[in-house]
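Every value quoted in this text rests on a predicted model; they were computed, and no experiment measured them. Numbering starts at 1 and runs along the sequence shown.
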Amino acid sequence: MLSIVIPVLNEVHTLPSVLVAVSKVLPAVEKEILLVDDGSVDGTREWIKACFPGEWRQASPLELGKDGSLVPGSASTAAPITVRAFFHERNQGKGAGLNTGLRAATGEVVVIQDADLEYDPTDWAVMYDLIVNRKVAQVVYGSRFKGRRIGRARFISVPQVAANWLISTLFALFYWKRLSDIEVCYKMFTKEVKNTLNVTCADFGCEIQMSAQIVRARRWKICEVPIGYRGRTSEEGKKINWRDGIKALWYLLRFRFCSPGLSPGSGIQRPAS
């Protein structure tokens with residue numbers, strides 16, 4: 001089963017389309033969608049509760065109804081889809097949403113999906129194949145930079161490109177592991193890897209923390225694949241900003257020279273509280 005962790009904050013206009021898209025990818029694979037609403041105030045929370053009042057399960061892809069609700073699609077498939085929703089009483093940050101979703105995930109493979117339309121879930125097919133069928137990796141990162149080289153990824157600005165390049169370059173210097181796109185949303189990994197992660201960083205620093213935990217464990221084979229990307233502006237709902245970029249530089253140092261918070265048995269022991 002594939003567990004799809006989707007942190008959500010004020011995405012009532014994009015979340016329905018995202019759920020339709022992810023339900024149609026890898027149709028032969030059983031999927032578990034974990035929605036974590038992080039204190040939305042734009043109607044997202046109410047929409048989720050109306051569509052998924054309890055654990056929701058069906059054996060066909062989702063479609064959008066005329067009233068904006070989700071309805072079973074006409075195409076039948078043997079692989080069931082389960083949706084479970086979780087709600088934070090107040091906004092805590094993407095890392096907090098990931099922590100809730102990862103703890104609840106039960107699939108043999110886990111992937112992270114944003115609740116906007118910047119990423120294309122069809123890219124999961126290659127990532128999933130590397131882990132499950134070819135068995136050449138336990139962790140697969142998408143790379144917007146590699147996708148950009150083949151015309152599939154569009155960043156919103158030169159500063160966004162420069163900031164992401166700098167963070168990934170510094171990560172390579174500090175952690176002795178070259179990954180071209182540390183801040184990318186698309187990270188897919190096995191349940192075994194998931195069980196070693198301990199996301200304590202509540203904000204966007206979670207991307208660096210997870211990468212630090214994965215690399216410093218020195219146990220996992222990591223691959224990268226080109227992915228599509230269509231960046232959003234702040235006017236369109238983009239939440240990360242230049243302040244998060246400055247904080248990322250601190251997190252690079254913090255998780256390199258301090259414990260990155262790995263779970264016991266993952267290669268680096270977490271200090272006792």
Donor-acceptor check, side chain of [X] to backbone of [Y], threshold 3.5 angstrom: yes or no?
X      : Y      : result
Ser143 : Val225 : no
Ser40  : Asp37  : no
Arg84  : Ala104 : yes
Arg45  : His88  : yes
Arg216 : Phe255 : yes
Lys49  : Thr44  : no
Asn91  : Asp38  : yes
Gln213 : Asn198 : yes

**Report entry** Lys146 to Tyr141 six-membered ring, cation-pi geometry met (6.0 Å, 45°)
**Finding:**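 The answer is no, since Lys146 fails at least one limit relative to Tyr141.
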Query raised in the report: Is NZ or CZ of Arg256 both nearer than 6.0 Å to the six-membered ring centre of Trp176 and within 45° of the ring axis?
Result: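 Here Arg256 passes the 6.0 Å and 45° test against Trp176.
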**Report entry** Centroid-centroid distance, Trp56 to Phe52, less than 6.0 Å
**Finding:**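 Centroid separation for Trp56 and Phe52: below 6.0 Å.
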**Report entry** Distance flag, aromatic centroids of Tyr186 and Tyr229, threshold under 6.0 Å
**Finding:**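 Judged by ring-centre distance (under 6.0 Å), Tyr229 and Tyr186 do not meet the cut-off.
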Would [X] and [Y] count as having a side-chain donor-acceptor pair, cut-off 3.5 Å?
X      : Y      : answer
Ser3   : Glu32  : yes
Thr200 : Gln209 : yes
Thr82  : Arg57  : yes
Ser157 : Gln160 : no
Ser168 : Ser180 : no
Tyr128 : Asp123 : no

For [X] against [Y], the heavy-atom pair lying closest together:
X      : Y      : result
Gln138 : Trp220 : OE1-CA, 3.3 Å
Tyr119 : Cys185 : OH-N, 3.2 Å
Ala137 : Cys223 : CB-SG, 3.6 Å
Gly142 : Met127 : N-CE, 3.9 Å
Leu26  : Lys31  : O-NZ, 3.0 Å
Glu183 : Phe204 : OE1-O, 4.2 Å

Looking at [Y] and [X], is there a salt bridge between them, counting it only when a charged N and a carboxylate O are closer than 4.0 Å?
X      : Y      : result
Glu108 : Lys194 : no
Asp203 : Lys247 : yes
Arg178 : Glu224 : no
Arg219 : Glu192 : yes
Asp120 : Arg152 : yes

Query raised in the report: Is there a path from Ile4 to Met1 through hydrophobic residues (I, L, V, M, F, W, Y) whose side chains come within less than 4.5 Å of each other?
Result: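 Shared cluster, no.
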Distance (rounded to the nearest 0.5 Å) between [X] [atom1] and [Y] [atom2]:
X      : Y      : atom1 : atom2 : result
Leu170 : Leu253 : CG    : CG    : 8.5 Å
Asp116 : Arg230 : CG    : CZ    : 8.5 Å
Leu130 : Met188 : CG    : CE    : 9.5 Å
Met210 : Ile182 : CE    : CD1   : 10.0 Å

Requested in this report: Go through the steps to decide whether Leu34 and Phe86 satisfy the test side chain to side chain contact (heavy atoms under 4.5 Å, CB included), and finish with yes or no.
Outcome: CA-CA 8 Å; Leu34 302 126; Phe86 303 84; 3.7 Å; yes
Report task. Please test Ile167 against Ile208 for side chain to side chain contact (heavy atoms under 4.5 Å, CB included), starting from the C-alpha separation and ending with a verdict. Result -> CA-CA 9 Å; Ile167 290 168; Ile208 295 173; 4.3 Å; yes
Query raised in the report: Lys24 and Glu63: salt bridge (charged side-chain N to carboxylate O under 4.0 Å, His left out), yes or no, with the steps?
Result: CA-CA 9 Å; Lys24 294 180 178 180; Glu63 297 287 355; 3.2 Å; yes
Query - Worked check of side chain to side chain contact (heavy atoms under 4.5 Å, CB included) between Leu35 and Leu19 - result: CA-CA 10 Å; Leu35 297 174; Leu19 290 174; 3.8 Å; yes
